[in-house]
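Here's the structure, in structure tokens; my notes come after.
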Amino acid sequence: MLKIWGRLSSVNVQKVMLAVRELALPHTLIPAGGPYGVVDTPAFATLNPNRMVPVIDDGGFVLWESNAIVRYLASRYGEGSLWPEDACLRADADRWMDWQATTWQPAMLPAFLGLVRTPEDRRDAAAVQASMRRANACALILDQALRDREFIVGRHLTMGDVALAAAAHRWLALPAERPETPALSAWYRRIMMRPATQGVLTLPLQ
Ligand SMILES: N[C@@H](CCC(=O)N[C@@H](CS)C(=O)NCC(=O)O)C(=O)O
């Protein structure tokens, strides 16, 4: 059975869990990271030398890096659903996954760490503000892309939505000012209503 090491408070683990749930894959979630520890053990380092979650073991195939895991699960178990058959649609979904990991997520990370993980009296307000400005600009790009479609590459949910949804969940829950993003919000609501999402994208942010 597919094994996943991680904690649901991690945005990167959420992506993997969304993919697993969308694909209805039998799995075991082994609590690891944050309060659960485990990542510091020698046994875990043999799975992921970065000592980070998520990690999966699928019948002896061990993989780390959340978006690589989502792509692997989608290509192996989700052909025609999370993994679009059409090469252009697949590249489009893939592009948004890279954008999520290299652009949007890094933009909002200082704001997340400052607002959620740092006591107010030790917060760097300027860093939080600058981070929110960058994250909001990214959200407006995504909002524009979602104006004429139900999901990021068209009418069906793909691996692109999986990666973006976890990031959007975090951005929308940050206690900070955000611009109006009607298309992004409508897409997010569609995703939050899916059975696979229940219990994965949880609040409050931790
Ligand atoms: N690029 C990696 C980043 C993984 C990462 O930053 N994981 C964090 C949680 S989001 C982690 O393991 N932190 C240590 C911990 O949870 O103990 C990925 O996308 O999988």
Side-chain angles (χ1 to χ4, degrees), residues 2-23 25 27-58 61-78 82-83 93-119 127-128 131-132 134-135 138 142 152 158-176 191 197 199-206:
L2 175 66
K3 287 188 203 157
I4 304 144
W5 284 262
R7 55 182 169 89
L8 275 177
S9 53
S10 149
V11 68
N12 294 309
V13 175
Q14 287 170 352
K15 289 187 262 182
V16 171
M17 292 309 295
L18 283 176
V20 164
R21 300 275 302 271
E22 282 291 341
L23 296 166
L25 300 177
H27 63 278
T28 311
L29 176 62
I30 301 158
Y36 302 107
V38 178
V39 293
D40 294 327
T41 61
F44 189 86
T46 66
L47 295 172
N48 183 358
N50 300 289
R51 298 177 182 273
M52 286 192 170
V53 291
V55 178
I56 65 162
D57 180 336
D58 189 22
F61 175 58
V62 175
L63 192 62
W64 43 265
E65 275 301 326
S66 57
N67 280 357
I69 295 170
V70 171
R71 286 187 186 97
Y72 163 74
L73 295 173
S75 68
R76 180 141 199 198
Y77 302 109
L82 291 191
W83 184 257
D94 204 12
R95 169 259 298 275
W96 283 105
M97 293 179 75
D98 278 6
W99 179 83
Q100 175 275 321
T102 64
T103 305
W104 200 16
Q105 186 129 316
M108 79 174 92
L109 187 61
F112 170 75
L113 293 176
L115 293 168
V116 178
R117 300 240 173 110
T118 308
V128 167
S131 166
M132 262 332 268
R134 291 195 302 276
C138 290
L142 179 59
I152 194 59
T158 66
M159 59 186 180
D161 299 283
V162 163
L164 291 170
H169 179 68
R170 179 173 278 192
W171 178 72
L172 285 163
L174 284 173
I191 289 179
T197 310
V200 177
L201 297 181
T202 53
L203 289 172
L205 297 178
Q206 299 172 45

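Indexing begins at 1, ligand by ligand and atom by atom, following the structure's order. Start at 1 with the first residue, then count along the sequence. Below, all heavy atoms of this structure are taken into account, side chains as well, without hydrogens, waters or symmetry copies.
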Among all protein heavy atoms in this structure, tell me which lies nearest to [atom], with the distance rounded to 0.1 Å.
atom                    : answer
atom 12 (O) of ligand 1 : V53 N, 2.8 Å
atom 15 (C) of ligand 1 : G34 N, 3.3 Å
atom 3 (C) of ligand 1  : N12 ND2, 3.7 Å
atom 6 (O) of ligand 1  : M52 SD, 3.4 Å
atom 1 (N) of ligand 1  : E65 OE1, 2.9 Å
atom 20 (O) of ligand 1 : S66 N, 2.8 Å
atom 10 (S) of ligand 1 : S10 OG, 3.0 Å

Quick one: does [X]'s side chain get under 4.5 Å of [Y]'s, heavy atoms only?
X   : Y    : value
N67 : Q100 : yes
M97 : K15  : no
V53 : N12  : no
V55 : F44  : yes
L63 : D58  : no

With respect to V200, which candidate in V20, V16, L18 satisfies the side-chain contact (heavy atoms from CB on, under 4.5 Å) definition?
-> L18
Just one of L2, L47, V62 clears the side-chain contact (heavy atoms from CB on, under 4.5 Å) bar with I56, so which one?
->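 Of the listed residues L2, L47, V62, the side-chain contact (heavy atoms from CB on, under 4.5 Å) partner of I56 is L2.
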Heteroatom proximity flag, N67 to ligand 1, N/O under 3.5 Å | no
Can you find an N/O atom of V39 closer than 3.5 Å to an N/O atom of ligand 1?
->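 No - when backbone and side-chain N and O of V39 are compared with those of ligand 1, no distance drops under 3.5 Å.
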Any R7 heavy atom less than 4.0 Å to ligand 1 |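 In this structure, R7 qualifies as a contact of ligand 1 - some heavy atom is under 4.0 Å.
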Counting distance only, does the side-chain N/O of D98 pair as donor-acceptor with the main-chain N or O of R95 below 3.5 Å?
-> no
Can you sort out which atoms of ligand 1 are near P54, meaning under 4.0 Å from one of its heavy atoms?
->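 Close to P54: 20 (O).
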